[in-house]
Amino acid sequence: MISALIVDDELLTVRMLENTIDWNSYGIQVIATAQSGEQALALYRNYQVELIITDINMPGMNGIEFIKQVREINKETRIILLSGFGEFQYAKQALKYGASAYILKPMDEMELDLALKEVINEISSNKKTQKMIQQNKNISRSRLIKGFMKKMVSENSLHGIASELRFHFDNYMLFSINIENETMNEFMDISNLLHSKSTYIQDSLSHVLLEYGENIILEFEEDSWYILISHMDMDQAPHCAQNMIRAFLETFAIKSNVCFSSIYHAMNELPIAYEEVEKLKRLNQYTNNGSVLGHGYNYEATTFDKLQMIEDEKTIVSYILSGKIVSARERLVEILQHTIHITPSSLDDVYDFCFNILAEIRKYLLEEKYISSISNVIMNVNYQDLLKLSSIDQLTNFMVKMINSISTLGTNGNSSINKLVEKSIQYLEDHYSENISLEEVCEYVAMSKNYFCYLFKRETGKSMWVLLTEIRMEKARYMLEHTDMKSYEISYNIGYDNPSYFSKLFKKMHAMTPNEYKNKHSNITK
């Protein structure tokens, strides 16, 4: 609703305007009325209305002076002038101060109706412009803050916007909300939702955060939102995180998890808070510990014993070199399962532990001059390859596979890794029109979800969802060239319930809509 103030020294005119006009039909709410410029100015300072309907000739502070005072406070307030026939010179003076319309008394209802509609359009247009300007400012600020917390821009870059943020960095926490998806339909729906309703999602998130204090919601990136919240007690953090997860699930059917940092007390500590949250995200993915993971909340501060680690490395390697593959595998699995309780800072020690074992195996292979497809796989694994194994299941499965492969050295043929990925791709080809889930594909190839995702990405260079989309688009292209099916029919046939979404995907991949593609290639198929 547009807020309005009516000003006229004649009470009869005020009552007539107040009661005979259907303000609701215009989307206007009359907040207050006044019978003098002084009274009107006091009310305006209090309510900051968007529309003023005012008489010009009033005792004391007249309408001209009142309008001048309003313009000093806010240049955007819309003003409609009421004036007697003999007061036109005053009206011309008032119009210089930006009045939107001038209406003679006695008022003509049609003239007032046109003036109100014009003013409403001006206010609506201005609101849209201001909202767009504010959104652009928010995006720019968000990118600067993210750049600083990732150490990509200097702190000096933030000084210009620090006063505009209205956020206190003397006591704050950093949260990350991380999106999860399990099926192709979830992946598509979430991608489409995040693209089309990002502003609505952010507004909903702001509503959830109102009770927790000042906050800054940074621009969505890849699979996460980052949120700064000031003056929150540590005890409130888990409750806030659960509310965010619940809101995403209930309002948008989006599954998510949340990680949060310790409390920090200065803006220059933001990169430390970010690093802390990133380590928690990595640990949460590694351990699959639950929906909320936070400092001082629910992970045990257990470090990885480096001295014991060296002894365990020696034990496992000695088992391998002596042919005790089962013992080596069992000891490795036991150690890695215990890492579920480590701190984020100790996670790199786990990868060091695994890499050192592989290094010893490589040394053995070089000394024995083993050359085979299996030995080549082990020889080519580097530290970055291990880091891509982001969960405990992925890392455990990979290391077990490497240890198991030692017993098959000297055999010929391709690794079963490629065969399993080929098998999964064939499954996608056979079931592309269905709402395929990650779980059913993993069950089909008899592999854990985390390890399958790693393996698929490593072998194909893309996620299963991206490849499935490409398969569907290729099927659509064939149908457009070789059948008379309509675009919406093809959409349903390849697994998309939303033809509009299908059209967007097709255009993104082929640089033209399905109909444009069909028209262009129609001569080829005739």
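Please read these numbers as outputs of a predicted model, since none were measured by experiment. Along the sequence shown, the residues carry numbers beginning at 1. Any value given below was found using the heavy atoms of this structure, including those in side chains, with hydrogens, waters and symmetry copies removed.
Residues E214 and H231 bring no donor and acceptor atom of their side chains to less than 3.5 Å of each other. One side chain, E122 or S100, offers a donor N or O that lies under 3.5 Å from an acceptor on the other. Side-chain contact of S487 with N515: a donor-acceptor pair under 3.5 Å is absent, judged by distance alone. For the residue pair K281/S224, the side-chain donor-acceptor check at 3.5 Å is satisfied. E440 and S437 are linked by a side-chain donor-acceptor pair at a separation below 3.5 angstrom, with hydrogens and angles left out of the test. A donor-acceptor contact closer than 3.5 angstrom links the side chains of H431 and E434.
Two residues are said to be in side-chain contact when any heavy atoms from C-beta on lie closer than 4.5 Å; K105 and D55 meet this criterion. Within the 4.5 Å cutoff, no side-chain heavy atoms of I56 are placed close to those of N62. Considering only heavy atoms from C-beta on, I28 comes within 4.5 Å of I120 through its side chain. L5 is not listed as a side-chain neighbour of I53, based on a closest heavy-atom distance of 4.5 Å or more. Proximity of I436 to L428: side-chain heavy atoms (C-beta onward) are separated by under 4.5 Å at one or more points. Within the 4.5 Å cutoff, the side chain of Y172 has no heavy atoms near those of the I263 side chain. Between I2 and Y26, every side-chain heavy-atom pair lies at or beyond the 4.5 Å cut-off. Looking only at side-chain heavy atoms (C-beta outward), T33 and V7 stay at 4.5 Å or farther from each other.
Listed by chain and residue number, K117 satisfy the salt bridge (charged side-chain N to carboxylate O under 4.0 Å, His left out) test with D113 (two or more places apart in sequence, or in another chain). Every side-chain contact (heavy atoms from CB on, under 4.5 Å) that E276 has, sequence neighbours left out, goes to S261, S262, Y264, H295. With sequence neighbours left out, the ring-ring contact (aromatic ring centres under 6.0 Å, His included) criterion links F252 to Y200. Listed by chain and residue number, F452 satisfy the ring-ring contact (aromatic ring centres under 6.0 Å, His included) test with F456 (two or more places apart in sequence, or in another chain). In this structure, Y492 has no ring-ring contact (aromatic ring centres under 6.0 Å, His included) partners at least two apart in sequence or on a different chain. Partners of Y226 under the ring-ring contact (aromatic ring centres under 6.0 Å, His included) rule, at least two apart in sequence or in another chain, are Y274.
Rounded to the nearest 0.5 angstrom, L43 CG and E38 CD are separated by 12.0 Å. If you take CG on N268 and CE on M149, they are separated by 15.5 Å, rounding to the nearest 0.5 Å. Within the model, atoms OG1 of T251 and CG of L205 stand 10.0 Å from one another, a figure rounded to the nearest 0.5 Å. Going from atom CD of E470 over to atom CE of M473 covers 10.0 Å, rounded to the nearest 0.5 Å. Atom CZ of F175 and atom CG of L218 lie 13.0 Å apart (nearest 0.5 Å). Here the CD1 atom belonging to I64 is positioned 7.0 Å from the CG atom belonging to L81, to the nearest 0.5 angstrom.
Enclosure of atom CE in M234 by more than 12 non-hydrogen atoms of other residues, nucleotides or ligands within 6.0 angstrom is indicated. Remark: E211 CD is packed, more than 12 non-hydrogen atoms of other residues, nucleotides or ligands lying under 6.0 Å away. For K150, the NZ atom counts as densely surrounded, since its 6.0 Å shell holds more than 12 non-hydrogen atoms of other residues, nucleotides or ligands. For N19, the CG atom is densely surrounded, since the number of other residues' heavy atoms within 6.0 Å is greater than 12.
A cation-pi geometry, defined here as NZ or CZ lying under 6.0 Å from the six-membered ring centre and within 45° of its normal, does not hold between R477 and Y517.
Remark: R78 does not engage E50 in a salt bridge, criterion side-chain N to carboxylate O under 4.0 Å. Classification of E516 and K507 as a salt-bridged pair fails, no side-chain N sitting under 4.0 Å from a carboxylate O.
Listed for the S25 side chain is a donor-acceptor partner under 3.5 Å among the backbone atoms of D22. One N or O on the side chain of K518 and one on the backbone of L480 form a donor-acceptor pair closer than 3.5 Å. Checked by atom type and distance alone, the side chain of Q35 never pairs as donor or acceptor with a backbone atom of D8 at under 3.5 Å. Of the possible donor and acceptor atoms, one in the side chain of E489 sits under 3.5 Å from a partner among the backbone N and O of K486. Between the side chain of E269 and the backbone N or O of A266 there is at least one donor-acceptor pair closer than 3.5 Å.
In terms of heavy atoms, A34 sits closest to V14 at O-CG2, 4.1 Å. Closest approach of L51 and T77 over heavy atoms only: N-CG2, 4.3 Å.
None of Y496, F502, Y501 except one satisfies the side-chain contact (heavy atoms from CB on, under 4.5 Å) rule with N498; the exception is Y501.
Using bins of under 30°, 30° to 60° and over 60° for the plane-to-plane angle, the ring pair F220/W225 lands in the tilted bin.
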